[in-house]
Enquirer: 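Below are the structure tokens for one structure; questions will follow.
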Amino acid sequence: MGPAPAGKQLRGATGGPEVMEPALEDEGKGKEGKKASSRKRTLAEPPAKGLLQPVKLSRAELYKEPTNEELNRLRETEILFHSSLLRLQVEELLKEVRLSEKKKDRIDAFLQEVNQRVMRVPSVPETELTDQAWLPAGVRVPLHQVPYAVKGCFRFLPPAQVVIVGSYLLGTCIRPDVNVDVALTMPREILQDKDGLNQRYFRKRALYLAHLAHHLAQDPLFGSVRFSYTNGCHLKPSLLLRPRGKDERLVTVRLHPCPPPDFFRPCRLLPTKNNVRSAWYRGQSPAGDGSPEPPTPHYNTWVLQDTALESHLQLLSTMLGSAQGLKDGVALLKVWLRQRELDKGQGGLTGFLVSMLVVFLVSTRKIHTTMSGYQVLRSVLQFLATTDLTVNGISLCLSSDPSLPALADFHQAFSVVFLDSSGRLNLCADVTASTYHQVQHEARLSMMLLDSKADDGFQLLLMTPKPMIRAFDHVLHLRPLSRLQAACHRLKLWPELQDNGGDYVSAALGPLITLLEQGLGTRLHLLAHSRPPVPEWDISQDPPKHKDSGTLTLGLLLRPEGLTSILELGPEADQPEAAEFRQFWGSRSELRRFQDGAIREAVVWDAASMSQKRLIPHQVVTHLLALHADIPETCVHYVGGPLDALIQGLKEASGTKGRMVMFQGGELVMVPNVEAILEDFAVLGEGLVQTVEARSERWTV
């Protein structure tokens, strides 16, 4: 409230005559006077700040016919949404996750400053790749250089081009974590013809970032300069820049060095080619038997990814540029993935992948550019629920060039296949089959939820976090991760280690999941894994080792049918499959004679009570990991059946407490004690939270 006008301040001021109202002569005049005074005060007082005032409409405006725009909106709500409430919820969610124009202006200003400072970084004369004495003491190379000896030379020159790539320019990045990807095109003078071999390109890429980090860390513009891995790949670090001061949490700029688009020959980077020589990686002389080198499809893909950053941006910009509904759909899909933690760590389904999937559905006319964000969300979930990319891959390539590899070649090298417009790059190269099956499972559940028209469907679909501990029946943690290195040696995974740059966690993950799926058999409905993202680190520190990635978590979604069976029935003793069965199960396999006279191989698990039978998967997992992967039981932290002890205790207590004696029909009878049973349920609910909280590292209430 501001000061009153000067005339009103003088009236009634100190020392001035006080105006008194005349006494009321009768009751009628008194009531009229009170009403008039009340109306005057109501008109005189301004509305309080922050309160919504009613809108005054005339009778003609109140009952006028709806406009064409309003009719179209009502029709869209009826067709595209189950209710007006769902439409309002989706629109409000999009407002919350979008960037405001003010923040975009501040981010743009920061990006301009980053561009200027990157171009001013001084050059470095040419040296051998192994001669890194020129690096300052305050910065370390963000890459494990194993083996260290490698051919080639390196010199630093400012980037030939600085381009913003990713979701920021497209308008599909979402809060709260705003990341802007910037591609730095390294000049051709830095690279050599054979840099695609033996990690030479990745060594130069890491040295390029180290020199940038040293100079940018001295600039007062940046409050934080740190390293991180790109999508968890240990061969592809990136440099993270954050502004100083109040805008420190506004944005994170990620610098990605990349080669010129046409530098590497695409035919040398096909999934059937080898670019990491065994003699160099293992330190052994090549075999004299003429055996071919094992292919390195993941290594080749990581090189190709850097060459296609700009072409992917152009494709996404063409498809999503003017279609706001498609952008809203991508934003909703990112929220859907984030709530289920499906985009975390290496091998996750990232926002870039769902954006490219939307482009594919638009190109195949399964999504139209005029669709709303909710329609795009439903269409993509329906596609994921009904399409298995581990069996039938898809491609954005429209070329009929016979020199391009076939989809079958990619299926032999990768678990999930989704080719880009060039026909040579598998966008889902890092996505494992178990992760994609988990995405399929969640998509089916989401479609059932949307089709049910439940009142809380929006809340469950996009607002409720669903970590692994809530999504699976049993959860197991493998730690320390260094045990997986012994598993690689036991399983003889030398080609996988060579392909993954020594990352033994990624190399062992696929074979371990296949092993457990085979052992659990019909008990298992879904097996998924979760790898936490590797934390960023300071530029003065060595990069995190593979064992520092935290914990490898596996989730088991079990089938009720056959879960409590204690018998694994194998083939008859005289069949050739019997030897494979004995080799797979080891000492647990034994010959048994059954009632029908058959003599078969079989495995019998130790379980007497029903609670022990429900934990048979625990025995299966620990036995197979110890037998085939050299992972002892002490490294397997299993979370399953945490309520069995609690339920058993309540069951024993309810033997007396849950019943009471009553006199009915002249006889004493035992009847349920309802109050005692309700108390037991209350204790059970408290015990559920406490027990799961104590046994799990992932769920905190």
Enquirer: Using a 4.5 Å cut-off on heavy atoms from C-beta on, say whether the side chain of Ser167 contacts that of Ser355.
Expert: no
Enquirer: Can any side-chain N or O of Tyr148 pair as donor or acceptor with the backbone N or O of Thr130 at less than 3.5 Å?
Expert: yes
Enquirer: Judged by atom type as modelled, is there a donor-acceptor pair below 3.5 Å linking the side chain of Tyr208 to the main-chain atoms of Leu157?
Expert: yes
Enquirer: If only atom types and distance count, is the side chain of Asp503 paired as donor or acceptor with the main-chain N or O of Asn500 below 3.5 Å?
Expert: no
Enquirer: What is the distance from atom CD of Gln199 to atom CG of Asn275, rounded to the nearest 0.5 Å?
Expert: 11.5 Å
Enquirer: Between Arg242 and Glu536, does any side-chain N to carboxylate O distance fall below 4.0 Å?
Expert: yes
Enquirer: Should Ile394 and Val417 count as side-chain neighbours, where that means a heavy-atom distance under 4.5 Å?
Expert: no
Enquirer: Any side-chain heavy-atom pair from Arg205 and Pro237 closer than 4.5 angstrom?
Expert: yes
Enquirer: I'd like to know whether CG of Asp262 has more than 12 heavy-atom contacts from other residues, nucleotides or ligands below 6.0 angstrom.
Expert: yes
Enquirer: Any chance you could measure Leu425, atom CG, to Gln305, atom CD, to the nearest 0.5 Å?
Expert: 6.0 Å
Enquirer: Mind checking whether Phe352 and His312 have parallel, tilted or perpendicular rings, split at 30° and 60°?
Expert: tilted
Enquirer: Under the side chain to side chain contact (heavy atoms under 4.5 Å, CB included) criterion, do Leu552 and Arg479 qualify, and how do the steps go?
Expert: CA-CA 7 Å; Leu552 176 61; Arg479 59 176 183 265; over 6 Å; no
Enquirer: So which atom in Gly321 and which in Lys327 form the shortest heavy-atom distance, rounded to 0.1 Å?
Expert: O-NZ, 3.0 Å
Enquirer: Check whether Gln438 reaches the backbone of Leu342 with its side chain - one donor and one acceptor, N or O, closer than 3.5 Å.
Expert: no
Enquirer: Between the side chains of His234 and His546, is a donor N or O closer than 3.5 angstrom to an acceptor N or O?
Expert: yes
Enquirer: Using only atom types and a distance under 3.5 Å, with no angle test, would you say the side chain of Thr435 pairs donor to acceptor with the backbone of Val431?
Expert: no
Enquirer: Verify side chain to side chain donor-acceptor pair (under 3.5 Å) between Glu341 and Ser530, making sure each step is shown before the conclusion.
Expert: CA-CA 8 Å; Glu341 298 183 354; Ser530 174; 5.0 Å; no
Enquirer: Are the side chain of His256 and the backbone of Leu184 linked by a donor-acceptor contact shorter than 3.5 Å?
Expert: no
Enquirer: Just do the side chain to side chain contact (heavy atoms under 4.5 Å, CB included) check on Leu332 and Leu94 with the steps written out, would you?
Expert: CA-CA 8 Å; Leu332 292 176; Leu94 290 172; 3.8 Å; yes
Enquirer: Tell me, yes or no, whether the heavy-atom count around Arg249 atom CZ, taken from other residues, nucleotides or ligands under 6.0 Å, exceeds 12.
Expert: no
Enquirer: I'd like to know if Asp195 pairs up with Lys204 as an ion pair, taking the criterion as any Lys NZ or Arg NE/NH1/NH2 lying under 4.0 Å from an Asp or Glu carboxylate oxygen.
Expert: yes
Enquirer: If you take all heavy atoms of Pro271 and Pro295, which pair is closest and at what distance?
Expert: O-CB, 3.5 Å
Enquirer: Parallel, tilted or perpendicular: which one describes the rings of Phe202 and Tyr299, with boundaries at 30° and 60°?
Expert: perpendicular
Enquirer: Could you check whether Arg531 and Ser506, counting side-chain N and O atoms only, form a donor-acceptor pair closer than 3.5 Å?
Expert: yes
Enquirer: Starting at CG of Leu333, measure out to CG of Asp328 and round the result to the nearest 0.5 Å.
Expert: 11.0 Å
Enquirer: Would the Trp302 and Tyr201 ring centres measure less than 6.0 Å apart?
Expert: no
Enquirer: Report the distance from atom CH2 of Trp494 to atom SG of Cys488, rounding to the nearest 0.5 Å.
Expert: 9.0 Å
Enquirer: From Leu304 CG over to Thr307 OG1, what is the distance, rounded to the nearest 0.5 angstrom?
Expert: 5.0 Å
Enquirer: Could you tell me whether the side chain of Phe360 reaches within less than 4.5 Å of the side chain of Met356, counting heavy atoms only?
Expert: no
Enquirer: Where do Leu554 and Met468 come nearest, in terms of heavy atoms and distance?
Expert: C-SD, 4.0 Å
Enquirer: Taking side chain as C-beta onward, heavy atoms only, is His529 less than 4.5 Å from Leu512?
Expert: no
Enquirer: List the atom of Leu396, the atom of Ser363, and the distance in Å for their closest heavy-atom pair.
Expert: CD2-OG, 4.0 Å
Enquirer: How about Leu419 and Cys397: do any of their side-chain heavy atoms sit closer than 4.5 Å?
Expert: no
Enquirer: Pair Trp537, Tyr229 - check ring pair (Phe, Tyr, Trp, His ring centres under 6.0 Å), show working.
Expert: CA-CA 10 Å; Trp537 68 96; Tyr229 287 133; 4.9 Å; yes
Enquirer: Could you measure the distance from the CG atom of Asn300 to the CZ atom of Phe264? Nearest 0.5 Å is fine.
Expert: 10.5 Å
Enquirer: At their closest point, which heavy atom of Ile190 faces which heavy atom of Arg155, and how far apart are they?
Expert: CG1-O, 3.3 Å
Enquirer: Yes or no on side chain to side chain donor-acceptor pair (under 3.5 Å) for Ser399 and Asp401, after CA distance, side-chain angles and deciding distance?
Expert: CA-CA 6 Å; Ser399 174; Asp401 187 356; 5.1 Å; no
Enquirer: Considering only NZ, NE, NH1 and NH2 on the basic side and carboxylate oxygens on the acidic side, decide whether Glu248 and Arg244 come within less than 4.0 Å.
Expert: no
Enquirer: Would you call Phe154 and Gln132 a side-chain contact if the rule is heavy atoms closer than 4.5 Å?
Expert: no
Enquirer: Using every non-hydrogen atom in the two residues, find where Asp420 and Ser395 come nearest and quote the distance to one decimal.
Expert: O-OG, 4.2 Å
Enquirer: Does the Tyr281 side chain pair with the main chain of Asp499, one donor and one acceptor, at a distance under 3.5 Å?
Expert: no
Enquirer: Evaluate the criterion side chain to side chain contact (heavy atoms under 4.5 Å, CB included) for residue pair Leu478 and Thr551; output intermediate values, then yes/no.
Expert: CA-CA 6 Å; Leu478 296 180; Thr551 301; 5.7 Å; no
Enquirer: Is Gln498 reaching over with its side chain to a backbone N or O of Val276, donor-acceptor style, under 3.5 angstrom?
Expert: yes
Enquirer: Using only heavy-atom distances, determine whether the side chains of Thr553 and His477 contain a donor-acceptor pair under 3.5 Å.
Expert: yes
Enquirer: Is a donor on one side and an acceptor on the other found under 3.5 Å between the side chain of Asp306 and the backbone of Val303?
Expert: no
Enquirer: Is it the case that the side chain of Asn426 and the backbone of Cys428 share a donor-acceptor pair, with hydrogens and angles ignored and the cut-off at 3.5 Å?
Expert: yes
Enquirer: Under a 4.5 Å cut-off applied to non-hydrogen side-chain atoms, are Cys233 and Asp430 in contact?
Expert: no
Enquirer: Let me see the working for Val114 and Phe110 under side chain to side chain contact (heavy atoms under 4.5 Å, CB included), right down to the final yes or no.
Expert: CA-CA 6 Å; Val114 170; Phe110 180 66; 3.8 Å; yes
Enquirer: Is it true that Arg140 and Asp538 make a salt bridge, defined as a side-chain N closer than 4.0 Å to a carboxylate O?
Expert: no
